[in-house]
Every structure is written in structure tokens, then in C-alpha cells.
Amino acid sequence: MFNILNSLEKEYNFQLYLLFENSFEVPSFISKENGEFIRKVALKQGFKGKRLEELRVNIDENGKIQTLLFLGFGKIEDFTQNIYREILFKILSTIEGKVAIAALNKELILPEVAGEILYNVNYNFDYFKEKKSDKRIELDFIIESCSTALVEEINTLGVATDIARDLVNFPANIINPNSLAEKVKDFGKEYEFEVEVLDEEELKKLNMNLLVEVGKASATKSKLIIMRYMKGESDEKIALIGKGLTYDTGGLCIKPADSMFEMKSDMAGAGTVVAVMCALSKLKLRKNVVALIPACENAISGNAYRPSDIVKSMNGKTVEIINTDAEGRLALADAITYAVRNEKATEIVDVATLTGAIMVALGTFATGVFSNNERNYKKLEKACMDTGEKIWRMPLFEEYKVQISSDIADLKNTGGRMGGAGTAAKFLEEFVEEIPWMHLDIAGTAFDSSIKWIKKGATGVMVKGLYNYLKM
Ligand code: BES
Ligand code: MG
Ligand code: ZN
């Protein structure tokens, strides 16, 4: 739990004081004697407040032993919010209990960022462990004036990020298209948004054959999970689409064991959009948003779809299946058509663990973004600046279209190894029918990322970035 207070109200296990190099001072409310003592210790240690430098002092204040921790952030001119994230994550990972933070320099008063990091540190996926982690921090940020709306937003986004992380961390024997739909219905009740679920029968009636085909080898068939939150005043209607592959074996083009292991996370896009819906509904954004999850499992059986099959999409284009492991773009393509034609979306944003190639291109700390709309991309870039979520724009070159053209159908589902993230995005673009669209490839960032202030496992990446985007 994160809170903002205007004075040290309780007894704390730790009081953290954040400062830039050479701005060390003793907080004014410390008694004169203790102040003298702290100054002496700082002098003896040569404490300057260089980046990551720490000064720990125990004092007896009004008969209570207090642990003060002065924490250096280095030179102000080198400072960035991501340095703040990194340092806070490091220090909070080493302590526990009730913690107060105060900043000795005004540039270090960043409660949103501190709250974000608190949730990153407190999150543990210990649902299946007999012994749960009891290392938890309760954090109070001490600032002169505080706003309850800001506190609520920080905590809601923290909880929503944890919802996304849990959905991803739960393995595929727990989360399948059915149980995912049930969980989303529960979130819809709790957070007050509408949920509708289409089953395989209904998908067939709608000609969502790509989505049906990908999921047909599984014991739990494909579903389209629809969430609606319509509180906007304009005609604008944004469709958020999250890839919901509850497991991706690769299908008949089976993945090697090492690469298959991580594939419970192939519904991270779905987790992201569910979490964003929870947050925007709880925080009552004035927007019209419909979120869609094409949910399915890419399994293997005698009934599996095969390389060389030709399938007609909802939009009418036929697709030659080259590789059954390029399943995400198939499931997403029909969801995009559904958003365009049945929901009449005025804008589409899809989030997907789509390609291994995006990690080769960008690493595992940045999300690749493809868009046919300059303005929306710039807006997303701004939205993500505040959340420390690195994004990078990728091209939708015409040449990719050549790579995914088939001799015997309208499209192929893969375009070869070269430019793999681009050809996947280009495939999706074939279905957006000129509507402003962004595709976020989170394959590198959603799970076991190298983002320095997030633990291993599911990251909950882009929940906050997309929330900010919708808020703008
Ligand atoms: N779900 C994977 C992409 C992925 C890889 C996500 C690693 C997270 C971590 C996707 O369905 C896939 O298998 N893509 C293939 C496409 C290829 C067959 C054209 C890939 O990237 O290898
Ligand atoms: Mg695959
Ligand atoms: Zn996949």
C-alpha cells in the first residue's frame, strides 16, 4: 500500500531521505543533538550523495530508535526518472516494514514513480508456495501537500499491473480460454465494465475462421472475450486488442522445449488489456473503450491446423498457413476485423507477444511499436515517457508485403526469417482497413525482461503506458 502524508505520522522501520550529490542536510524536525550527531557521521564517512551512496544512522528520537537512510542520486544534471526507478528498486528490495520517503531536493519528489516501484518490489507470485513471502513494504511519501486522487491513481495502477502479472504468471493448466473468460467476467463485476464472451459456435457464425483454426486442436476451444466501457462524451471508440494465446506449443510446427517453456506468457497482451480496463473503469476515465481478447490455445492433436492449409478470414482474405507457430497474427487478424466491422472502432491498439524477432531487434527492455498514424504514435511516446516504459517505432515497409504474398492465396502467415517483426506487423495491417492503428510487440518485455526495476517473471509492461495514453 502506498500513501502520501504531510508529516511523519507513525513509527517507521526506515526513513529514506533522497538527495543529489552535495545537497546533504539534516531534516529540520530532527533534534539539535541528533542533527549534530548525524552531521558528524556523514563527515566521518565522507558522505556526498553520489549515485547509490548510502548513509545509515540510528538515532534515539523521543525515546524511539529510528533508522535514517540517506540515499544519493548523484549529480542533478545526470538525473533521469529511470535512475530513480533503478535506485529505489535496489534499496526497497533490501528493506521491509513501514517505510517513509522524503526528498531533500524538489526534483526527487516523484510519488508516482515511488508508488510504481513499491508495487514492483512487493509483487511476488507465491500463490502455489506453502510458505508465502512476508517481505512487504508499506510506503508513505512525505510531501507538504497531498492529493487523494493522486494516491488513488497510484494504487489503482499498481493493483492493475499486478492483475496483469498474475494472469500471465498463472500457468496454462489454470488459465485456458474458458477460465480466462470467467476471470474476465469476475473483473467486469468487480470493476464495473461489461463483459461478453463469444464461443466457438458464434465465432464460426461470424466467419472468424482464423481464430477458430488456431484453437481447434485444444480441448478448450477459441473464444472472443469482449469488454466494454462506454463513458466517453465523443464519438471516438478505441479498441484495445490483446493477444490471448493461453499457451503456444507452436502447433504442428512444434517449438523446441526450451522455447516452449515461456509460452504460458503468450496471453500477456490479453493480461494487459484486462488490467487497463480495470484501471480506467475504477478511475472513471471519460472514454469509450472496447477491449477484445481472441483467446485460444495453440495445441497439437489429430485435429490441428497444418502448414499448407488455406483459411478464409472474417475479412474475406484467404491465408495460406506456412508455419503454425505464427498463430498470433491469425487470431489477432480476426479480432481486428471484428473491431472494425462489428464494433465500429475509430482507433485500434493491439498488444501482443507476437515475435521472437522483436527481441532480436530491440532487446528485452523495449517494446516495438508499429503504426500507420504518426500522431497517435507521438502521443504514446509521450504517455510512456512518464512510466519509464521504453518504446521504439518500427517501420511498416512496403517490401514486407511482398514477403507475405502467397502464390495460391491472398496472404501467407509468415514472411521468412528476415524482418520477422515487420512482416508480422504488416500482416496485421492488412486487416485494419485504414483505421488509425498501433501494434505493440511486447514479446521481449512482457516476461523475464531485462528492465532493471522489475522482477523476473511477468512484468505487467504497458499497463500504465496505455492507461496514460487513454487519459490524454
Ligand atoms: N508467441 C511467439 C512469439 C514469442 C517468442 C513470444 C518468444 C515471446 C517469446 C509467436 O507465436 C511465435 O511463435 N512466433 C514465431 C513466428 C515465426 C514462426 C514466423 C517466432 O517468433 O519465432
Ligand atoms: Mg507461435
Ligand atoms: Zn504465440
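All heavy atoms count here, side chains included; hydrogens, waters and symmetry mates do not. Both counts, for ligands and for their atoms, begin at 1 and track the order of listing.
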task = Using the six-membered ring wherever Trp is involved, compare the ring planes of Phe427 and Phe431 and label them parallel, tilted or perpendicular (cut-offs 30° and 60°).
result = tilted

Contact region, Asp325 to ligand 1, non-hydrogen atoms below 4.0 Å, reads both

Open item on the list: Any salt bridge linking Asp309 with Arg306? Criterion: basic side-chain nitrogen under 4.0 Å from a carboxylate oxygen.
Closed with: yes

Does an N or O from Lys255, backbone or side chain, lie closer than 3.5 Å to an N or O of ligand 1?
-> yes

If we number the atoms of ligand 1 from 1 as shown, the ones under 4.0 Å from a heavy atom of Met359 are 7 (C), 9 (C)

Indicate yes or no: does Lys471 engage Glu153 in a salt bridge with an N to O separation below 4.0 Å. yes

With a cut-off of under 6.0 Å to the ring centre and 45° to the axis, is Lys379 in cation-pi contact with Tyr469? yes

request  = Determine, for Lys401 against Glu398, whether the closest basic-nitrogen to carboxylate-oxygen distance falls under 4.0 angstrom.
outcome  = no

If we number the atoms of ligand 1 from 1 as shown, the ones under 4.0 Å from a heavy atom of Ala443 are 6 (C), 8 (C)

Thr246 versus Asn176, side-chain donor and acceptor atoms under 3.5 Å: no

- Query: Taking Thr346 for the side chain and Lys237 for the main chain, is one N or O donor matched with an acceptor at less than 3.5 Å?
  - Reply: yes

Output field for angle at the Zn ion (ligand 3), Glu327.OE2 vs Asp266.OD2, rounded to 10°, should show 100°

Near Met263 (heavy-atom distance under 4.0 Å), the atoms of ligand 1 are 1 (N), 4 (C), 5 (C), 6 (C), 7 (C), 8 (C), 9 (C)

Open item on the list: Is there a polar contact between ligand 1 and Asp248, counting only N or O atoms under 3.5 Å apart?
Closed with: yes

Row for the Zn ion (ligand 3): angle NZ (Lys243) to OD2 (Asp248), 10° precision, value 180°

Note: ligand 1 atoms sitting under 4.0 Å from heavy atoms of Glu262 are 9 (C)

For Glu327, the ligand 1 atoms with a heavy-atom partner under 4.0 Å come out as 11 (O)

| Just by modelled atom types, is the Gly460 backbone N or O under 3.5 Å from a matching donor or acceptor in the Thr161 side chain? | no

- Which is it for Lys216 and Glu213 under the salt bridge (charged side-chain N to carboxylate O under 4.0 Å, His left out) test, yes or no, and what are the steps along the way? CA-CA 5 Å; Lys216 75 177 182 177; Glu213 286 291 306; 3.2 Å; yes

>> Check for me whether Arg417 has a heavy atom closer than 4.0 Å to any atom of ligand 1.
In response: no

Lys/Arg-Asp/Glu bridge criterion (N-O < 4.0 Å) met for Glu374, Arg393 = yes

Atoms of ligand 1 under 4.0 Å from any heavy atom of Lys243, numbered from 1 in the order shown, are 1 (N), 10 (C), 11 (O)

Polar contacts were defined as any N/O atom of the residue lying under 3.5 Å from an N/O atom of the ligand; does this apply to Arg329 and ligand 1? no

field: Parallel, tilted or perpendicular: ring planes of Tyr84 versus Phe73, cut at 30 and 60 degrees
entry: tilted

Atoms of type N, O or S from protein under 2.8 Å of the Mg ion (ligand 2), total 4

Counting from 1 in the order shown, the ligand 1 atoms closer than 4.0 Å to a non-hydrogen atom of Asn323 are 18 (C)

Practice item. Look at Lys243 together with Glu327 and state whether they make a salt bridge at an N to O cut-off of under 4.0 Å. Key: yes

One finds that the ligand 1 atoms under 4.0 Å from a non-hydrogen atom of Thr414 are 19 (C)

Q) Under 30°, 30 to 60°, or over 60°: which ring-plane class applies to His439 and Trp437, parallel, tilted or perpendicular? A) parallel

* Asked: Is there at least one protein heavy-atom neighbour under 4.0 Å from atom 22 (O) of ligand 1?
  -> no

Logged contact type for Leu354 with ligand 1, heavy-atom cut-off 4.0 Å, is backbone

